[in-house]
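Chain naming here is simple, since letters A, B, ... match the order of the sequence lines and numbering starts at 1 in each.
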There are 4 protein chains.
Amino acid sequence: MSRGNTRQRIQEVALELFAARGYEKTSLREIAEHLGVTKAALYYHFKTKEDIVISLFEDLGGPCDELIAWASGQPSDLETKLEVLRRYSEVLKHAAPLFRFMQENQATMRELSIGESFKGRLMKLLDIIQLPDAELSDQVRCSASLFTMHAGMFTMQTIEADPEDKRLAVLEVAQEMLTTAHKGHD
Amino acid sequence: MSRGNTRQRIQEVALELFAARGYEKTSLREIAEHLGVTKAALYYHFKTKEDIVISLFEDLGGPCDELIAWASGQPSDLETKLEVLRRYSEVLKHAAPLFRFMQENQATMRELSIGESFKGRLMKLLDIIQLPDAELSDQVRCSASLFTMHAGMFTMQTIEADPEDKRLAVLEVAQEMLTTAHKGHD
Amino acid sequence: MSRGNTRQRIQEVALELFAARGYEKTSLREIAEHLGVTKAALYYHFKTKEDIVISLFEDLGGPCDELIAWASGQPSDLETKLEVLRRYSEVLKHAAPLFRFMQENQATMRELSIGESFKGRLMKLLDIIQLPDAELSDQVRCSASLFTMHAGMFTMQTIEADPEDKRLAVLEVAQEMLTTAHKGHD
Amino acid sequence: MSRGNTRQRIQEVALELFAARGYEKTSLREIAEHLGVTKAALYYHFKTKEDIVISLFEDLGGPCDELIAWASGQPSDLETKLEVLRRYSEVLKHAAPLFRFMQENQATMRELSIGESFKGRLMKLLDIIQLPDAELSDQVRCSASLFTMHAGMFTMQTIEADPEDKRLAVLEVAQEMLTTAHKGHD
DNA sequence: GATGAATGAGCGTTCATTCAT
DNA sequence: TATGAATGAACGCTCATTCAT
């Protein structure tokens, strides 16, 4: 019946539950029950509970690092930054539930090894976007352009619309903020 | 030894730990130890762990409700909305650690009774701010103006500056977004 | 407001709750809350939780001992025994809730000092009633006559009738059993 | 080490301790220690403490229900009722410790789900035995015939004799009471 | 005559984890 | 690939009890 896909099914169910009820409140028992297997089976596939989370983020590190690497090789101008936002938006799209999980479990993430590593990436992206010597309000605009995209994906569930349309609208607003920030700085 | 201030000290330590390590990961034992009392002492002052959180939010509900009430009696124009943002910023200022806690423990808050109640308030504020029939990007701008203020207070710890200056900068950016959203809608 | 009657009110409420929910499941907090006083107030009137129970039984020991003493001075014939049952029935009537409590918390009573003391009294009554050298079935009849009266008062709540009428009926049946037991033994 | 018999050993030890010291006063720690396992091990085999009790009663429900079912299909005459007592006595024999536990923890049983269910069965038996329109004393005789058998098994520990002989003596007395009750009613 | 504040011990329960099979 | 059985640690919570005021 279950072929080699059990590992994947664990990841799916785990992400679903972690996102829905939080990392701490989701027990391995629950995950196992949802899957119709034993807790011990999870331990055949993953060394620890944290390991499951780590595996979830595995596919995400690559694209992020690539984005950072690409941006580092570009001139640090507005055009590059707008493209960074665009590409980041795309990354977010493909990992929406994961980002929702991150967003809603920040306190927990801070204690998970993987958390630090993603916080680092975020900081690097921010460094790329940021205008370090501009006025405070422009710095805020830069930061906000990034965080708006995070929040935009999950917190704005009030607005009913096609997800893809919403993503593009969020991206547009974020890019606009970044552009405003760069008025007079180049 | 400790007089009538124990209840308050519990609240202080609890907030500190909840904010630092998350609600679930903070045990009553830890809180008690930090205070030099027994777990049972906490239960003399609070009925449950959740009750401690509720008490923390108690002083916050009032100001929020007042703000909502005030706004409901005003014309729903840009001027009113800008003032709502300004006042909300002030509320946030006085309850910064609490909002940080909310922000970072969203998954947990969702399961706490108090969480629902604050989500409700947020939705009402959003209703007041929102332009329901505008283009998607303008709706996003409205939402983002509110959430930027939340995120702005705690997530932008990268930007080093006087907290009050930062708050005003965040407010300025948020108000600007809202103004942009209202261009052509009145 | 509350004069010297607090001690009594504690006893009343305690008995009520002990009978309703059992000794172990009834906490001093509950008793105190029912009375509108603090737990500590209970400790002003009684040294321990067990002490409350003991005090409840205080008024009961006397009549029982008197009954035993009286019977010991009488000839050990059927007539005496029937009178013992009659008098015991009267004692039971005046302490109905207390006996219900005993009956329903036997396991607990066994661990309470007062329990042993009442078990002792019961054994003495049984000794008085019993026909030690009779056939087994007659011995059972003697024992049963006593226990029927216990059970009869509280377990037979199915039968709807005036309590006093029921008591007399129970007594009649018990006496009848005892009489049957004594057929051929004198 | 211990094979598939742990579950059973838990039941045995639990029943022993519940009967000896009462349900509330018997902690899971005690049970575990008696078995040389951890508290957590108990939870591998039973979902809750109450679940252990429920499992103890599991084998008992069937025979009782069968008895009730059988009696319901018979004419409601004395002969049937005497046979009911006889069969019930046999059921009691096979579950003596369990009945002792019930008897001595009535207050507790009332709060346990299983308690209600057994009270229900008892009421049905009583309904079968009872003479609803007879004089009070005859109704008492009917009830008492049933309760005598309960009490007879455990409360009459004073009488030293072979348990089986005692059981038969108790049954005889109970049947006799029932017969007396039916004099003149048919 | 009673309270406010606290304690120490213990409870039932759940958890992530282990390991022989 | 997985399970059955178990563990040790911790958790949130309640209890009877104490004592200064």
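- Between the side chain of E30(C) and the main chain of S27(C), a donor-acceptor pair closer than 3.5 Å is present.
- Among dC13(F), dT18(E), dT7(E), the nucleotide with an atom closest to any side-chain atom of V37(B) is dT7(E).
- Map G36(B) and E24(A) each onto its nearest nucleotide of DNA chain E; the residue landing nearer the 5' end is G36(B).
- Each of A40(B) and E30(D) was matched to the nucleotide of DNA chain E holding its nearest heavy atom; the match closer to the 5' end belongs to A40(B).
- Put simply, the side chain of K39(C) and the base of dT3(E) share no donor and acceptor less than 3.5 Å apart.
- Taking atom CZ of F46(D) as the reference point, atom P of dT14(E) lies 15 Å away to the nearest angstrom.
- At whole-Å resolution of the value, CD1 in I52(C) and C1' in dC15(F) are 14 Å apart.
- Phosphate contact (OP1/OP2 of dG10(E), side-chain N/O of S27(D), threshold under 4.0 Å): absent.
- Rounding to whole angstrom units, CZ of residue R21(D) and C1' of dC11(E) are separated by 14 Å.
- An OP1 or OP2 oxygen of dA2(E) is reached within less than 4.0 angstrom by a side-chain nitrogen or oxygen of T6(C).
- Distances shorter than 4.0 Å separate none of the side-chain N or O atoms of T38(D) from OP1 or OP2 on dA6(F).
- Using the Watson-Crick or G-U wobble rule with both distances under 3.5 Å, dA20(F) pairs with dT3(E).
- Here the side chain of E50(A) pairs a donor or acceptor atom with the backbone of S113(A) at under 3.5 angstrom.
- Atom CG of L17(C) and atom P of dC15(F) are 13 Å apart (whole Å).
- Taking side-chain N and O atoms only, H45(B) has a distance below 4.0 Å to OP1 or OP2 of dA6(E).
- One N or O on the side chain of K49(D) and one on the backbone of Y23(D) form a donor-acceptor pair closer than 3.5 Å.
- One interatomic measurement links the two molecules: NZ of K25(B) to C1' of dA10(F), which rounds to 12 Å at whole-angstrom precision.
- Rounded to whole angstrom, the span from the CG atom of L112(D) across to the P atom of dG12(E) amounts to 13 Å.
- For dA5(E), the OP1/OP2 oxygens have a side-chain nitrogen or oxygen of Y44(B) closer than 4.0 Å.
- In this model, the phosphate group of dT14(F) is not approached by any side-chain N or O of Y43(B) to a distance below 4.0 Å at OP1 or OP2.
- Of the possible polar contacts, none joining the E111(B) side chain to the T108(B) backbone as a donor-acceptor pair under 3.5 Å is found.
- Nearest nucleotide to the R29(B) side chain, out of dC11(F), dC15(E), dC15(F): dC11(F).
- The partner of dC15(E) is dG8(F), judged by Watson-Crick or G-U wobble contacts that both fall below 3.5 Å.
- The 5' end of DNA chain F is approached more closely, in terms of each residue's nearest nucleotide, by R7(A) than by the other of K49(C) and R7(A).
- Q106(B) places a side-chain N or O within donor-acceptor distance of the main-chain N or O of Q103(B), the cut-off being under 3.5 Å.
- Summarising the geometry, the separation between CG on N5(D) and C1' on dA5(F) is reported as 12 Å, rounded to the nearest angstrom.
- The CD-C1' distance, from E50(D) to dC11(E), rounds to 16 Å in whole Å.
- Between the T38(B) side chain and the A41(B) main chain, no donor and acceptor come within less than 3.5 Å of each other.
- Nearest nucleotide to the side chain of L28(A), out of dA6(F), dT17(E), dT13(E): dT17(E).
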